[in-house]
Each structure stands twice: as C-alpha cells, then as structure tokens.
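These numbers come from the heavy atoms of this one structure, side chains and all, not from hydrogens, waters or symmetry mates. Just so we're on the same page: letters track the sequence lines, and every chain starts at 1.
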Amino acid sequence: MSPASRTLLQGTLDLLILKALSLQDLHGLGVSRRIEQLTAGTFQVQPGSLFPALHRLEASGWLRSVWKPSENNRRARYYTLTARGHRQLAEETRSWEEVALAIQRALEA
Amino acid sequence: MPTCFGIAWGAARRRRDEELAAELESFADLMVDDATARGVPHPEARRWASQQMGGRTQLAEQVREVWPGASLDTWVTDARLATRALWRRPAFAAACVLTLALGIGVNGASLSVAWAVLFEALPYPDAERLVTISEVFTDGSDREIRAGDVSAWTERLQTVTAVAGFQTADLTLRSAHDAPRVVRVSYVTPDFFRVLDVRPLVGTTSDPHDRAVAVVSTSFARSIARDAAAAPRVHIGDRSYTVIGVMPPGFDFPAADVAAWLPAPTETSENSGYFRLVARLKPGVTVAQLSDDAMRVLRDVQGPSTRNRPLITNVDDAIRGDVRPTARAALVAAVLVLIIACANVANLLSAHVLANRRDYATQLALGAPRRRVIRRVLLEALCVAVCAAAVGLWLAWAGVRTFGMVASGLFPRVTDVGLGPQVLGAIVGLTIVAALFSGIVPALTAVRAEGAIGASLTAFPTLGRARGAMIACQVALTLPLLFGAGLLARTVTVLLRTDPGFDATHGVAAKLVISDNSLVHGADHSAAFESMLTRLRAFPTVRAAGVGTVLPPRKTLVTIGIRYIGEGRNEFRFFKLGSGTPGFLSALGARFLRGRDFTDQDVQVAAGVAVISESAARHLFGDRDPIGERINRLPPLAGAPQPTVVGVVSDIKFDGLDAPVAGAVYVPWTQLATGTTYVVVRGHEDPMQLVPTIRQILRSSWPHAAIPEIVSLNQAMSESVAIRQLRSGPAVMLALVAVLITFAGVLGTFHRVALERRRELAIRRALGATSQDLLPLFVRAGAMIVGGGVAVGVVLAVAIGQCLASQLYGVESNDPALLAASAAVLVATACLGFYLPFRRVLRLNPSTELQCE
C-alpha cells in the first residue's frame, strides 16, 4: 500500500471504527470482523492498526471500555461509543460525504 | 511532592500495561476460538493467530505511543538512562559538575552584584528625576553652595518641583549609658524629605514649631532605643533633639551611614558652611534644561561675571556610577568563565560519548531515531547542568556573603547585593543554556557514531576537530582573563609600593571628635592638647606626637579659593591648607627638606608662620629659597599676619595613593581649627602596641569626646587602594578558576586521547620506540591547538587591556611582559595537561596492553 493511500486510510479507519461501534458494543476482534463485514471484505484491519486506533479514540473520549465476558465466555475488553463519540461520528460522516462528493466531482469533470 | 507524583504515575502506568497485555492476550484467544469454530485444528489455529498478531512487544509499544503522556514517559526513561550513565562514572560526573558549577557560581555571584548596581531601583520614587547640584570652580574642582545662598537657589530654580540643601557632619553622641561615640548626621533644609519623596517608617519628617527635631535611621533608632524609651530625645553634638520620625531601612541619602537628619540652621549669621543641593526635576525636564536654569540662578546669586558653572549630577550616578563599569566587567568575565566551562564539559562529554560509541551505534542500528539519541545525550548534559546549578548556587551564595563582608563600606548599597528572584531566574536560564552548549557537540558526536558498530576502539580518530577547537577556545578565552586580572593586580601592587610622601610605617592615628563649638575655639582647649601631647611624649616608645586637622587619606586638605580683583586682574587662586600642632608633621613622618617644624612659640597667634610642601614652594617661589619668605597671597587666617615660611616638607598624597599630589600650606593648629582632629603618634616599632596607651591618655584628657577609631598610618593609606583590591581580588580569582578549568579540560581530553592511542603506543614501544621518540606525537597535537588558542587570546587580551586602561595605574594596558607571562602560564598549564596523561600511558606495561584487546 502506498503512503498516500495509508494517510487516507488513517482517517477512514477512525470513521469505520466509530461506525462499527455505533450499532453495538464490541471487543477488538468484533470491531475487526464488523468492519470487514461492513465493507464487504475490502478492509481487513490488522491488530497493528486496530489497537493504536482504539486506544487513541478512547484517549480522545469518543470510546469507553469495560471488561466483560464474551459470547463464548472469555473475558474481553468491550468498547462503547460515548455521547461525544456519536457526535464525532455524525461530524466525520458529514465531512467524509463532502470529501467523497468533491473527489467524485473532480474525477468526473 | 514530585516523588509522590512519580510513584503514582508509575503505578498507573503499570496498571495500564497489564491491562493492555491482557487485552492482546484475550484478542489472540478470541482469534483462536474463531478459527477452531471454523474447523481449523487447535495448534494450527494458535500459529495462525500469533502470525496475525505480529510482534506483541512492538504492538504494545505502538499502542503506548498513543497513550496520553506517552512523550513524558519516554522523557522519564531517557532521563533515567542519562542519570544512570553518569552515576556509573562518578569521577567523570564530578569533574563535569564541578567545572560547570564554578562557571554557574561565578555567574550567580557576578549577576547578584551587577543586578544590584545596574538594575535594582533606588528606594526613591522616580529616582531618575533626582539630581544633586553643586558648583564647579574655574580650576575644575567641585564646590558646594554657600549656606547663605541656599534660600536664593530654592526660590529661583524653576525647572524643579522641589529642592533642598544638605551637608553632613560627624557629631558626638552622648548617652547616659555608653561612652560617647561619633555619629554621622546630615543637616537638611525643610524640603529635603519632600524632594526625595519618602515617607518615614514611624512618625513624621516635619515639625514647623520645634526647631530642635531629629529624624533618625532605623538602625540608629534601634541603637538608641534604650535611652529613647524614657523620652524620645537624643543629645547629638552640643544640642538635644526630639526624635519625631524614623526613616525606613534602605533610606541612605546622602550616605549609607547617616544616623540622623537634623534641621539646618536657618539664620545666615551662623557660620554653617556649605551645602549641596538635591532637587527633583519637573516631569519631562532634562538635565540640560536644569543646567541652563541653574546657570541663570548662579548669575543672579554671584553676579553676571561669574566664571563658575553649575554641576548637575544624577543621584543614581553619584551613588552607583563609579562601580557600574566594574560590575559590567565582572559580568563579562563571568560569562567568559562559563563559556570556558561549557567548552570543557562539552569535551568531557564528547570523550564519554566516544568511549561508549558502540552503544550508540547499536542503538542507531536497531532503529532508535536520531533525535532520541541526541535527546539522551542532551539530557546527560542537562543532568550535569542541574547538579552544577545546585553546587553553583551554593558557591554564588558563599560568594555574595563574602562580598558583602569584604565590600561593606566600599561598595554602594552593598545590602542590595543578594540572590534575588531575578538572579535565581537568570541562573535557571544559564543552566539550560549551559546544558545546550555543552551537550550539542557530544550529541552530534553520538549520532555520528553510527558507523562505529564494528569498529575497533583504536580505529577511531584521536582528537576530533571539534574537541581541538574547544580546547583552543578555552585557551583563547582564558588568556584575556588572566591578563586582565594581572593588570588589575599589578596596579594594586604598584600603588601599594608608591611613596605616599611620608613614612607611614611607624605611625598611628586616633580620630578625635570634639564637635562642641565652645571647645574648638577656647584657649583652654589648646592647653588640654598640650598636656595630652606632653603625657604621650613622656612614653619612651613614643618618638613624636602631634595633633592635626588632616590625615592622608582620610581627611584631605582644605581648599580655599581667593579672588583677586584689581590691577586688571580678576582671577581665583587656590590654596590647599592643613594645620597641626608642633610635632604633627614629624609624627606623620613627613620629610623635612628645608627648615623646621612648628615650635611652641609659633602657636602664638601673632607669629604667622607656615610650613609648605615641595610643590607649593616651587609654585609660589620658583627656584628661590622659600625659607623666610612671606606668602603674600594667602589671606590672614584667624587674625594671624600673613605667614612666613619656616620649613619645606615632602608632598603628601592626601587624596590617596592613586591621586596626584597638590601643593600644601600648613599653618599652626590655632589658626585653622576644626571639630574633628587626628592625634598622630610615631613609635619605634609596631605602632599598634601604642594603641592602649593612646586610648587611655585620650580618654582621660577628653572624657566627653568620642574616639571613633585608632588606625595605623599604613593601614589607613592602603585603604585608599581598597576599592581597587575589591576589583582585582575577584578578577584574580576568576582568572585562576579559568586556568584551573582549562587545565582540567586539557587533562581530561588528552587522558581520553592517550587511552585511545595506548594500543598504538604499546605497539610502537614494543618495536623499540622510547618516550623521547613518542613525546613529539603528543606535543605536535597539543602545540597546534594551544598555539592557535594563544594567538587568538593575545588579540582578545590586548582588547581587554584597552577596556581596563582607565582603571590602571603604573602599568601599561598592553604591558608586553605581563602578556608574555600570562601566555607562558597558560602554555605551561596546557603542557602539563598534555604530558600527565601521556606519562601515565607510557608507564603501563606494553605487553599487558597488547594482550588486552
């Protein structure tokens, strides 16, 4: 992956994580699976990107985490979207749509 | 407090680390579960999961980087590494810390002094608008305003908001409890405190109804508290005053030792002498405008033809102007010492980095960012600098304390000199700057070590250009310090060897203050002196004794200006006068070139005789023999006829060893008596042995008079050089510190060079080379560096000499011998610094050396 697309992905990853968590609370692997599912397999988030992003979003106050048992009874850290996280998701979605539209227009011109 | 914070921070961090590990572990387990659920056999699932996870440590590190406070963590880690690296080499660390501590210490001390005289405001509101006014006579000498003219001045000056007159006097303080003592008082006119605009700490400063009131200083108020408790009155001189106010500490106008401010006599009939004026300029008025205004008043008062000029001096300049250049010079010298110290620590740290270059190379090879390596070395430098600042602060504190003791009485407002918040702030700033200065070269050296990973220790360059340049820089900066200190020290020694014009070795002088006017002019008082001198002379150890009104350099001659009008002339002539009893000049040790001293017959007022000094004789009579000649131009003094010259003595340096001599005319004591006299006694041996005898006889002859001091003539004379000693002492110390630091730097650097080359040297010796063959190796490297340093240093030294020229006496500002000597000291020091490490390495056994790597 070229550096240019990676920088694009950086913002995208945050957006995707927020989106994934907006539907339900998930642990790390759950987030990864949900993103894969949401993007129909286009993005496979590796732990090396996932965990720094999760921790960064939590440090920004958009996520909150709790330890609880998973579906198959393992202790796992579950992430929840906070109120600020919901607002951030809305804002990022809007700006993403603007950017996407602008780029689409640019490419069609 | 920081420790508690550190522990809490550490605990929180550990908890987060554990949680992260658990999260990653659980993530891996969930992946395995996932894979097994899809039918992958367990061991394979595990392998796949750990493959997906990658390096768990690296992953954890990546996560930690996004944690809040992550950068602080790495700083803490680096700082810990830096302290540990220094801790492991205590001798090296101590050398660095001490070097820099000396640099920071001298800066702290110099800054304290400089701050006090350059920036600290005087304790008077808008002090820059305060000026003193006096007159300058045509001969350039500064004269004060006649008492009778003061009111004319205060009424007519238009460019000032207020103006007042003041004069100081030494008066005797008598109390019921203690022996009489002398206090300095200032007679002031009514507006004095309004001009200075300072409120009293207690009480008031003006009392329109009672003339006999005193405003006193805080320290004086304390000293008289016991007497004043009963009634707030003090008996000063021959009058009693009611104390109405106490001025705050630090109020020190016109002098720091003024104990009381007394109302100046208002009647002009009282012969109250001369006053200096102190005035507050109206806002926006310049000194030049006041000067014009004052010239107008001067013409009004003295007539339009006056040739005198007003002299306006800023009060702050008058108090501290003299010491400002010295303070600036001290600051510059201190900064030079700090630069030398920084260069030195930079060299030592570079050597340290070079010794550990494999570590740095390994770190860089493993992917440590360059800025992290640079930061680690800079933190080492900062660590050294912080420790040095602690030691330096202590040194500065000790220096300031010592200065306070040594300079008390010599230096204006010496109590202002201290480690105030501004100085402490400056020290913190200097510490950071010093850390950067001394850390940057080693840091770059560390980064450049990249290629050294596989290199053998002996393969590294012996002495980098940077290290050589820093030694040269130290030498170049030390030389001017050494030379400057040498010039100042030489000035002091030349002055102390200067002939004062009299033999100061066996004389001792007691100051006797008989301020009561009735005592000064009474006939019985001559008799009292006569009987006292007779008793003194009766002692076998006393060679001569006399009483006079002058004492070099404490009390100089009185200048009298006489105006000649008529015969087409209108000019001033100035006579410098002194007086004494028979025996005074002999007791002082003045050399009689012709004629004789006064005799008891001369004391009769009608006699009219004078002893004149060598240059006065030349001035008044040219080549003629002055004995028996009459001094026509001198007006009659105290009713005596114009004096006839009976003797000629050597010129005496009344104004101090560094001042030019002036011709003097001495008349018998009765013709020019003052309230303050000096009893001078000449003995055979150590004159200080006479002190108890003198004190006892003076006490019994003058039970009501104060004897503020008894001092040997030698000591009194050398005190005229004290301010120069105050200047040269610290200068010499600074220079020695600089030499010491340079020596340590050369030694440290070449110690490292010698260690680095010991294998090579061992091989050469094993092949038969002797010390004599190998010495040039070191000498050549050293000579280039020191030679370059000395060459630059000589230029700087000559420049320093130029700056100091005005403060020198009896030595040229570019004295070649002194310059050569300074350079020689420095070269010798540097050579020793080269030689000692070299000798140490050559003493090692070559065969053991060759086996060790």
For this session: Check whether any side-chain heavy atom of B/Glu23 sits under 4.5 Å from a side-chain heavy atom of A/His55, and report yes or no.
Result: yes
Write down the atom of [X], the atom of [Y], and the distance for their closest heavy-atom approach.
| X | Y | result |
| --- | --- | --- |
| A/Gly48 | B/Gln62 | O-OE1, 3.5 Å |
| B/Val66 | A/Arg56 | CG2-N, 3.8 Å |
| B/Phe27 | A/Pro47 | CE2-CG, 3.7 Å |
| B/Ser26 | A/Ala76 | OG-CA, 3.7 Å |

Problem set entry | Region of A/Arg74 that comes under 4.5 Å of a non-hydrogen atom in chain B | side chain
Seminar exercise, completed: Whatever's closer than 4.5 Å to a heavy atom in chain B on A/Leu50 counts as side chain
In this structure, are over 12 heavy atoms from other groups packed under 6.0 Å from [X] atom [atom1]?
| X | atom1 | answer |
| --- | --- | --- |
| B/Phe437 | CZ | no |
| B/Arg16 | CZ | yes |
| A/Glu71 | CD | yes |
| A/Arg105 | CZ | no |

Heavy-atom distances under 4.5 Å only: say whether [X] touches chain A with side chain, backbone, both or neither.
| X | value |
| --- | --- |
| B/Leu59 | side chain |
| B/Ala22 | both |
| B/Glu65 | neither |

For this session: Would you give the length of the straight line joining atom CG of B/Leu20 to atom CZ of A/Arg77, rounded to the nearest 0.5 angstrom?
Result: 7.5 Å
Problem set entry | From CG (B/Leu30) to OG (A/Ser32), nearest 0.5 Å | 11.5 Å
Problem set entry | Pairs of heavy atoms under 4.5 Å with chain A: top-ranked of B/Arg64, B/Gln52, B/Met53, B/Glu25 | B/Gln52
